[in-house]
Amino acid sequence: MRVAEDGAGRRVALREARDVLHRGGLVAFPTETVYGLGANALDASAVQRIYEAKGRPAINPLIVHVATVDAGRALAAEWTDLAEKLAREFWPGPLTLVVRKRDVIPEIVTAGGDTVGLRMPAHPVALALLTEAQLPVAAPSANLANQVSPTTAAHVIAALGDRVDLILDGGATTVGIESTVVDTTSGMPRILRPGMVTRDDLARVAGVAELASQEPGRVLQSPGMLGKHYSPRARVTLVDADGLDEAIRRARARGERIGVMAFHPVTADFSIRMPDTPAEYARKLYAGLHAMDDARCALILVERPPPGDPWAAIADRLVRAAR
Ligand code: TXA
Ligand code: MG
């Protein structure tokens, strides 16, 4: 594994990254959401290496990253008016569009399904890589399956190390949690995974937007949303503001090393004061969970975020982390 830093060496690193992709290797790269673990999306054996490196179950499809809206459209067997509208409005950005796939996309990318998730990321290094490589790049988050997604190159190194051929270091990501995944194959946007492009944002453009039910027993709609996910090693418990002091006291009495993420300062072994705007909170969330794992906290107490659409994606990740 090599780490190529953004800056003076960037052109050279991009050429090297392109070469790694063209010979079927793995390149980790920054996007605005989280770091991705990329391979040539048109090369089934390269994509196979992604699943192996992550320990990802074969039933969980990958997102394909593209440099332009045209490049996305070219991979779709059917590109609905809805897909066009959403891509025009939100790309480049943290929105993945699920569309019917063309045959050029190998089945391993889509876990055998006839749809593919497409995204044009809003990050200069990601876009430069996609442009340089002239390839669609399949990339899940660059973490081991079911663990917290990486928001820095250091997180990628800690999780995957030599399983990656090259890491492009673009600094800390700015959105901080994974893209919103939206099914566009029916007339109406159906949110398969909430993200910082919110239901209200989608409804503003499409007229309506619905959250797909993730209840167990329902047909598998977005396998990545199954059960436990996005979890640090430590146990995570969500607590209301007025129960926080008591929860800290009880954990202390048990002798547990605790981390606390709250909206106001608290006294704990490790605490992070979280911002009170959703965008700032999302940016800090995974780095905070990683830091508390690194500090060997056994329990992470998280003050429950406020209700409402702008906080929905953050609440979703916290509830999953707490499972
Ligand atoms: O922000 C992101 O989306 C990051 C960056 C790297 O782009 N990628 C990411 O990928 O989070 P991953 O693989 O960790 O999560 C992809 C999610 C999973 O929940 C997966 O099940 C869902 O998208 N997905 C992918 N293709 C799908 C499809 N064709 N139909 C339904 N869900 C799909
Ligand atoms: Mg992931």
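Position 1 is the first residue of the sequence; numbering continues from there. First listed ligand is number 1; within each ligand, the first listed atom is number 1. Excluded from the calculations below are hydrogen atoms, water molecules and symmetry mates; all remaining heavy atoms, backbone and side chain alike, are included.
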**Student:** Just to be sure I'm reading this right: ignoring hydrogens, which of Pro94, Ala138, Ala212, Pro61 gets closest to atom 27 (C) of ligand 1? Compare them by their nearest heavy atoms.
**Tutor:**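 Result: the heavy atom closest to atom 27 (C) of ligand 1 is in Pro61.
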**Student:** With rounding to the nearest 0.5 Å, note down the distance linking CG in Leu129 to CG in Leu21.
**Tutor:**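 Leu129 CG to Leu21 CG: 5.5 Å, rounded to 0.5 Å.
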**Student:** Dump the intermediate steps for side-chain hydrogen bond (donor to acceptor under 3.5 Å, both in side chains) on Thr33 and Arg119, then the final yes or no.
**Tutor:** CA-CA 11 Å; Thr33 58; Arg119 181 164 104 80; 3.2 Å; yes
**Student:** Using a 4.0 Å heavy-atom cut-off, which part of Thr110 comes near ligand 1: side chain, backbone, both, or neither?
**Tutor:** neither
**Student:** For His65, is the nearest heavy atom under 4.0 Å from an atom of ligand 1?
**Tutor:**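 A heavy atom of His65 does come that close to ligand 1.
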**Student:** Considering only heavy atoms of Asn60, which atoms of ligand 1 have at least one such atom less than 4.0 Å away?
**Tutor:**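 What qualifies from ligand 1 is 18 (C), 20 (C), 21 (O).
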**Student:** Where on Leu192 is there a heavy atom closer than 4.0 Å to ligand 1, on the side chain, on the backbone, on both, or on neither?
**Tutor:**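 Looking at Leu192 and ligand 1, just side chain atoms fall under 4.0 Å.
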**Student:** Taking atom CG of Leu318 and atom CZ of Arg323, what is their separation to the nearest 0.5 Å?
**Tutor:**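 If we round to the nearest 0.5 Å, Leu318:CG and Arg323:CZ are 12.0 Å apart.
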**Student:** Do the rings of Phe263 and Tyr281 sit parallel, tilted or perpendicular, given the 30° and 60° boundaries?
**Tutor:**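 Ring orientation, 0 to 90° scale: tilted.
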**Student:** As an exercise, identify every atom of ligand 1 less than 4.0 angstrom from a heavy atom of Ser141.
**Tutor:**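 In order of numbering, the contacting atoms are 8 (N), 9 (C), 10 (O), 12 (P), 14 (O).
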**Student:** Honestly curious: do Leu42 and Leu62 fall in one hydrophobic cluster under the side-chain, below-4.5 Å linking rule?
**Tutor:**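 Shared cluster, yes.
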**Student:** If you draw a 6.0 Å radius around CG in Asp81, do more than 12 non-hydrogen atoms from other residues or ligands fall strictly inside?
**Tutor:** no
**Student:** Output yes when Asp114 and Arg100 qualify as a salt bridge under the 4.0 Å nitrogen-oxygen rule, no when they do not.
**Tutor:** yes
**Student:** Does a side-chain N-to-carboxylate-O contact under 4.0 Å join Arg317 and Glu178?
**Tutor:**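 Here Arg317 pairs with Glu178 in a salt bridge, since their nearest N and O are under 4.0 Å apart.
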**Student:** What are the atoms of ligand 1, with element, lying closer than 4.0 Å to any heavy atom of Arg193?
**Tutor:**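 Per the distance check, 2 (C), 3 (O), 9 (C), 11 (O), 15 (O), 16 (C), 17 (C).
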**Student:** Quick one: look at His123 and ligand 1, take heavy-atom pairs under 4.0 Å, and tell me if it's side chain, backbone, both or neither.
**Tutor:** neither
**Student:** One residue to check: Thr115. Relative to ligand 1, which of side chain, backbone, both or neither has a non-hydrogen atom less than 4.0 Å away?
**Tutor:** both
**Student:** Which residue from Gly38, Ser179, Ala145 reaches closest to atom 3 (O) of ligand 1 through any of its heavy atoms?
**Tutor:** Ser179
**Student:** For Val181, take its heavy atoms, then give the atoms of ligand 1 lying under 4.0 Å from any of them.
**Tutor:**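 Under 4.0 Å from Val181, ligand 1 has these atoms: 23 (O).
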**Student:** Please list, in number order, the atoms of ligand 1 under 4.0 Å from a heavy atom of Val116.
**Tutor:** 29 (N)
**Student:** Does any N, O or S atom of Asn143, backbone or side chain, fall under 2.8 Å from the Mg ion (ligand 2)?
**Tutor:** no
**Student:** Just jot down the side-chain contact (heavy atoms from CB on, under 4.5 Å) partners of Ala315, sequence neighbours excluded, or say none.
**Tutor:** Pro305
**Student:** Of all the atoms in ligand 1, which lie at a distance below 4.0 Å from a heavy atom belonging to Thr33?
**Tutor:** 1 (O), 2 (C), 4 (C), 5 (C)
